[in-house]
Amino acid sequence: MSQVLSGIWAGDKPTCIWEGLPDVFDREANEWPDLITDRLTIVDRIGWKAIESEIVPRRAIVVYEQLALDFDLDQRFRQLADQWRAETRYLSSLSRISMHPAYQRIIGLGRNAVPLILRELQERGGHWLWALHVLTDENPVPTDATFREAVRAWLDWGREQHYLT
Amino acid sequence: MSIEEIESAFPNLSGSTWRISSDIDEAYNCIAFAVYDTQQFWDPNIVGIPGYYWPPGVSRDDNLPSWMAVFEIHGFRVCESGDVEAGFEKIAIYTYENHVPTHVARQLQDGTWTSKLGPDEDIEHPNPEGLDSIIYGGAEVFMRRPRADQQ
């Protein structure tokens with residue numbers, strides 16, 4: 001099972017109009033044509049596949065297909081994240097918080113879970129630093145950062161990588 | 001969390017005069033809160049991932065001796081009970097039956113206790129037994145130090 005979606009860029013200052021794609025694609029574009037390359041990279045990264053495309057200066061039409069499995073990813077993440085929060089809310093030990101089966105299953109979802117984790121971190125907070133570090137092999141946080149500073153650094157990184165708007 | 005949710009997790013609080021004393025703040029945990037640090041999350045297990053703190057020189061074994069060593073650095077010494085002693089501030093370290101530490105509560109000047117519940121709120125509770133539960137086990141070790149205004 002699959003779903004076909006389309007996106008159009010048009011106008012002097014291109015604005016991206018998507019139907020059905022995650023919010024990360026809805027922000028205004030300021031650069032052209034690098035924007036197209038950037039967005040296609042993001043699309044590839046989270047599992048969307050371009051099946052038809054017409055990209056010319058000031059106009060682009062791309063049709064994307066995403067497998068049903070990827071739609072399930074969002075739902076699966078939500079389920080696991082809610083379970084993890086409910087069952088670790090009183091714990092003080094990071095090892096017990098992070099070794100919780102639901103947290104480990106989220107890590108098991110692989111790199112495609114990174115945009116979902118970043119969005120969760122942005123909207124609801126949470127101790128996601130370990131998962132982000134493991135899944136991205138990145139470390140955008142200064143060594144002596146506090147937890148709040150570390151969260152800010154990861155969210156900044158997420159914006160730089162176009163995972164977040 | 002709601003009062004009902006907390007009392008469901010910690011049934012001994014039901015019927016006592018406990019209260020939620022802060023908003024949710026996941027930036028610090030009970031160990032940090034016990035020594036008045038509300039800026040850092042203290043944990044021995046996380047190495048190489050910035051955002052977490054553990055005192056330099058203290059073993060990163062997540063066991064009772066390591067937790068006690070943290071508080072010894074801050075002037076606490078083992079004492080017999082959580083009873084009020086004039087001029088002293090006390091903490092209670094909770095453990096499971098296998099002595100694995102789970103939580104720390106701090107005694108307030110009026111003899112009541114305060115705790116940070118994981119990444120969630122701080123609460124004030126009348127005695128250490130209020131948090132005895134399958135989540136935290138029970139208070140196994142009490143430590144004390146002279147209150148700052150007594151030094």
Side-chain angles (χ1 to χ4, degrees), chain A residues 80-104 106-107 114 117-158, chain B residues 1-2 5-10 13 23-34 37-54 56 60-63 66-67 93-96 100-105 115-121 123 131 133-137:
Chain A
L80 291 170
D82 288 346
Q83 180 193 357
W84 172 70
R85 285 183 186 281
E87 295 179 6
T88 63
R89 64 191 323 169
Y90 303 107
L91 302 182
S92 292
S93 164
L94 249 300
S95 67
R96 284 187 277 279
I97 291 172
S98 304
M99 293 306 291
H100 187 279
Y103 193 92
Q104 291 299 306
I106 287 171
I107 291 176
V114 170
I117 293 172
L118 286 165
R119 192 168 60 194
E120 179 81 359
L121 182 64
Q122 184 178 47
E123 294 175 358
R124 298 176 70 195
H127 284 269
W128 295 107
L129 307 188
W130 188 359
L132 287 169
H133 180 69
V134 168
L135 287 170
T136 66
D137 203 26
E138 298 278 353
N139 201 349
V141 185
T143 306
D144 58 349
T146 64
F147 178 76
R148 289 189 188 92
E149 292 166 342
V151 168
R152 278 196 292 272
W154 273 108
L155 294 178
D156 288 345
W157 179 87
Chain B
M1 286 180 286
S2 68
E5 286 174 312
I6 294 174
E7 289 189 347
S8 174
F10 304 103
L13 291 176
D23 293 329
I24 289 175
D25 189 341
E26 61 197 3
Y28 62 96
N29 60 352
C30 63
I31 306 177
F33 183 61
D37 180 358
T38 57
Q39 301 300 313
Q40 302 184 96
F41 200 104
W42 294 31
D43 192 281
N45 299 288
I46 306 298
V47 180
I49 301 179
Y52 300 105
Y53 175 78
W54 191 245
R60 286 184 174 271
D61 293 331
D62 192 4
N63 57 28
S66 294
W67 283 43
I93 302 178
Y94 293 69
T95 65
Y96 295 136
V100 171
T102 58
H103 179 68
V104 183
S115 283
K116 174 74 159 69
L117 300 180
D120 285 349
E121 297 104 331
I123 68 166
L131 294 184
S133 60
I134 58 172
I135 298 172
Y136 289 159

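The basis for the numbers below is simple: all heavy atoms, side chains too, and nothing from hydrogens, waters or symmetry mates. By convention in this document, chain letters (A, B, ...) are assigned in the order of the sequence lines, proteins followed by strands, and residues within each chain are numbered from 1.
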Practice item. Identify which of A:Val151, A:Asp144, A:Asn139 forms the greatest number of heavy-atom pairs closer than 4.5 Å to chain B. Key: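 The candidate making the most pairs under 4.5 Å is A:Asn139.
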
Review point. About how many Å separate CD of B:Glu26 and CH2 of A:Trp128, when rounded to the nearest 0.5 Å?
Key: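 Interatomic distance, A:Trp128 CH2 to B:Glu26 CD, rounded to 0.5 Å: 11.0 Å.
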
Per-residue contact mode, [X] against chain A (heavy atom under 4.5 angstrom):
| X | result |
| --- | --- |
| B:Leu117 | both |
| B:Glu121 | neither |
| B:Gln39 | both |

Exercise for review: Using a cut-off of under 4.5 Å on heavy-atom pairs, state which of B:Ile31, B:Ile24, B:Val104, B:Asp25 scores highest against chain A.
Suggested key: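 Heavy-atom pairs under 4.5 Å are most numerous for B:Asp25.
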
Check your understanding: Highest number of heavy-atom pairs under 4.5 Å with chain A: which of B:Tyr53, B:Trp42, B:Tyr28, B:Phe10?
Key ->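 Ranked by contacts with chain A, first place is B:Phe10.
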
**Study point:** Over all atoms of both residues, closest heavy-atom pair of A:Leu129 and B:Gly51
**Key:**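 That would be CD1-CA, 4.2 Å.
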
Identify all side-chain donor-acceptor contacts of residues 91-103 of chain A below 3.5 Å with residues at least two apart in sequence or on another chain.
residue, atom, partner, partner atom, Å
A:Ser93, OG, A:Ser95, N, 3.4
A:Ser93, OG, A:Ser95, OG, 2.9
A:Ser93, OG, A:Arg96, N, 3.3
A:Ser95, OG, B:Asn45, ND2, 3.4
A:Arg96, NH2, B:Pro101, O, 2.7
A:Ser98, OG, A:Leu94, O, 2.9
A:His100, ND1, A:Ala102, N, 3.0
A:His100, NE2, A:Glu87, OE1, 2.7
A:Tyr103, OH, A:His127, O, 3.0
A:Tyr103, OH, A:Ala131, N, 3.0

Point to revise | Per-residue contact mode, A:Thr143 against chain B (heavy atom under 4.5 angstrom) | key: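 For A:Thr143, the contact with chain B is made by the backbone alone.
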
Exercise for review: Ignoring hydrogens and angles, tell me if any N or O in the side chain of A:Tyr90 forms a donor-acceptor pair with the backbone of B:Tyr136 under 3.5 Å.
Suggested key: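 Side chain of A:Tyr90 to backbone of B:Tyr136: no pair is present.
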
